[in-house]
Amino acid sequence: MPELPEVETVVRSLQSRINGYTIDRIKIRDEKLLRDLKPDHLKRRAEGKRITDIRRRGKYILLEVGGEKLVVIHLRMTGKLLVLPSDETTEYQRISFQFQEGEKLVLDNMRRFGTLDLLESEAEEPLASLGLEPFREEYRWAKFRELFETRQPLKLLLLDQKKLAGLGNIYANEVLFRAGLNPLLPGQETNTAEREQLFELIPEVLTEAIENNGTTIDTFKDSAGEPGSFQNFLRVYNREGEPCEECGTEIVKEQQSGRSTYYCPDCQNVEGGTFEE
DNA sequence: AAGCGGTCCTGTGTGC
DNA sequence: TGCACACAGGACCGCT
């Protein structure tokens with residue numbers, strides 16, 4: 001479910017709703033999401049503390065607690081963070097934070113892939129090894145162009161969080177369509193112009209998606225339970241067999257490393273870097 | 001050493 | 001209708 005735009009949407013909705021709230025009690029229904037973290041440890045370090053900031057790094061949500069500790073949440077495929085009245089709950093509530101102010105934050109996750117960690121800083125794993133962050137100062141052409149020095153196919157390269165933080169399957173497909181590049185093309189076979197195209201397009205597509213509050217294919221909701229609308233602007237993802245909006249050719253779906261890749265065989269040919277009329 | 005495939009979960013949609 | 005199987009926004013782990 002959530003890629004950078006969806007996570008950003010959740011973070012923004014949390015900022016306006018729970019920033020400054022004080023955590024009264026943490027309830028853990030499913031310890032699996034905590035992995036090695038002991039429930040008591042989490043409670044001891046976070047209960048009674050204020051949420052002093054809410055940020056995003058890649059697809060991770062960072063709750064700053066008491067001005068220092070970070071509760072780091074990853075939603076994986078089906079996770080949601082919902083702000084609900086204290087007396088409400090959801091079918092897949094795994095962990096909840098009850099606030100003194102009278103609402104609660106629910107980590108809801110149907111498939112139990114999500115995670116919650118407690119860190120001292122962003123310098124710790126798993127945040128430490130994340131790659132370039134598209135809207136940060138560090139996102140520079142000099143670094144970006146180097147990411148392509150690999151035999152990895154373009155789409156897998158874009159999905160690699162150690163290279164670039166935030167893209168998932170939907171946006172990797174969409175960015176490659178807009179760039180007119182074949183998802184199967186090895187990174188090292190792209191030229192400078194093509195890399196430049198991607199450098200520009202990635203923040204552009206992500207910005208559009210954020211402006212639309214993300215993409216809701218099935219389950220994605222922000223913290224108020226509102227879906228996004230960028231699914232209405234997808235050009236290839238989830239559109240197998242439909243005509244390409246540029247040329248009318250049927251969109252193709254193909255497995256790449258076990259994940260679905262969608263592309264227009266005509267607009268995204270191996271040599272082609274740009275659309276032709 | 002990079003890069004691929006399997007695995008973790010649970011629900012939904014499809015085809016027989 | 002019922003059952004089996006494929007597939008789903010992600011990322012870690014282990015093998016080659």
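Any value given below was found using the heavy atoms of this structure, including those in side chains, with hydrogens, waters and symmetry copies removed. Below, read A as the first sequence line, B as the second, and so on, with proteins coming before strands; counting in each chain starts at 1.
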Ring centres under 6.0 Å, that's the criterion: do A:Phe199 and A:Tyr139 meet it? yes
Have a look at A:Tyr171 and say if it touches a base, only the backbone sugar-phosphate, or nothing, with a 4.0 Å heavy-atom cut-off. nothing
Checking N1-N3 plus N6-O4 or O6-N4 for Watson-Crick, or N1-O2 and O6-N3 for wobble, each under 3.5 Å, the partner of C:dA11 is B:dT7
What's A:Thr115 touching, base or sugar-phosphate or nothing? Going by heavy atoms closer than 4.0 Å. nothing
So, does A:Lys59 get its side chain near the phosphate of C:dG10, meaning an N or O under 4.0 Å from OP1 or OP2? yes
Quick check on C:dA8: is either OP1 or OP2 less than 4.0 Å from any side-chain nitrogen or oxygen of A:Ser260? yes
Can you check the A:Gln161 CD to C:dC12 C1' distance for me, whole Å? 13 Å
For every nucleotide of nucleotides 1-8 of chain B, 5' to 3': is a protein heavy atom under 4.0 Å from its base (B), only from its sugar-phosphate (S), or from neither (-)? --SSS--B
Which is true for A:Asp218 with a 4.0 Å heavy-atom rule: it touches a base, it touches only sugar-phosphate, or it touches nothing? base
Measuring only the P atom in each nucleotide, how far is C:dG9 from B:dT14? A whole number of Å is fine. 16 Å
With the side chain defined as heavy atoms from C-beta on, A:Pro126 is closest, among C:dG9, C:dC12, B:dT10, to C:dC12
For A:Phe230, which contact category applies under a 4.0 Å heavy-atom criterion: base, sugar-phosphate, or nothing? nothing
Any side-chain donor paired with an acceptor under 3.5 Å for A:Thr78 and A:Asn109? yes
Whole-Å gap separating P (C:dC12) and CE (A:Met77): 14 Å
Report the relative orientation of the aromatic rings in A:His74 and A:Tyr60; use parallel for angles under 30°, tilted for 30 to 60°, perpendicular for over 60°. perpendicular
If we take the C1' atom in both C:dA6 and B:dG6, what is their distance in whole Å? 16 Å
Nearest-Å distance once atom P is located in both C:dC5 and B:dT7: 16 Å
Using atom P in both nucleotides, what's the gap between B:dG11 and C:dA11 to the nearest angstrom? 22 Å
Do the side chains of A:Leu33 and A:Thr115 get nearer than 4.5 Å, heavy atoms only? no
Quick one: closest heavy-atom pair of A:Leu157 and A:Leu147, and the distance? CD1-O, 3.7 Å
Verdict with reasoning, A:Glu8 to A:Arg57, per salt bridge (Lys or Arg N to Asp or Glu O under 4.0 Å): CA-CA 9 Å; A:Glu8 181 67 25; A:Arg57 172 78 172 103; over 6 Å; no
In whole Å, I'd like the distance from the CG atom of A:Asp117 to the P atom of C:dC12. 11 Å
Consider only side-chain N and O atoms of A:Thr219 and A:Arg111, and report whether a donor and an acceptor are under 3.5 Å apart. no
Phosphate oxygens OP1/OP2 of B:dG11: is one of them under 4.0 Å from a side-chain N or O of A:Tyr92? yes
In whole angstrom, give the distance that lies between atom CD of A:Gln231 and atom P of C:dA8. 18 Å
Rounded interatomic separation in angstrom, taking CG from A:Asn169 and P from C:dA11: 11 Å
Would you mind reading off the distance between A:Arg259 atom CZ and C:dC12 atom C1', rounded to a whole angstrom? 13 Å
Which whole-number value in Å describes the distance from A:His74 NE2 to B:dC9 P? 17 Å
Measure the distance from CG on A:Asp160 to C1' on C:dC12 and round it to the nearest whole Å. 13 Å
Return no unless some side-chain N or O of A:Lys80 is found under 4.0 Å from OP1 or OP2 of C:dG9. no
Which part of the nucleic acid, if any, lies within contact of A:Ser129, taking any heavy atom under 4.0 Å across all strands shown: a base, the sugar-phosphate backbone alone, or nothing? nothing
Please assess A:Glu242 against A:Arg239 for the test salt bridge (Lys or Arg N to Asp or Glu O under 4.0 Å), listing each intermediate value before the final yes or no. CA-CA 6 Å; A:Glu242 293 181 39; A:Arg239 301 189 62 159; 3.0 Å; yes
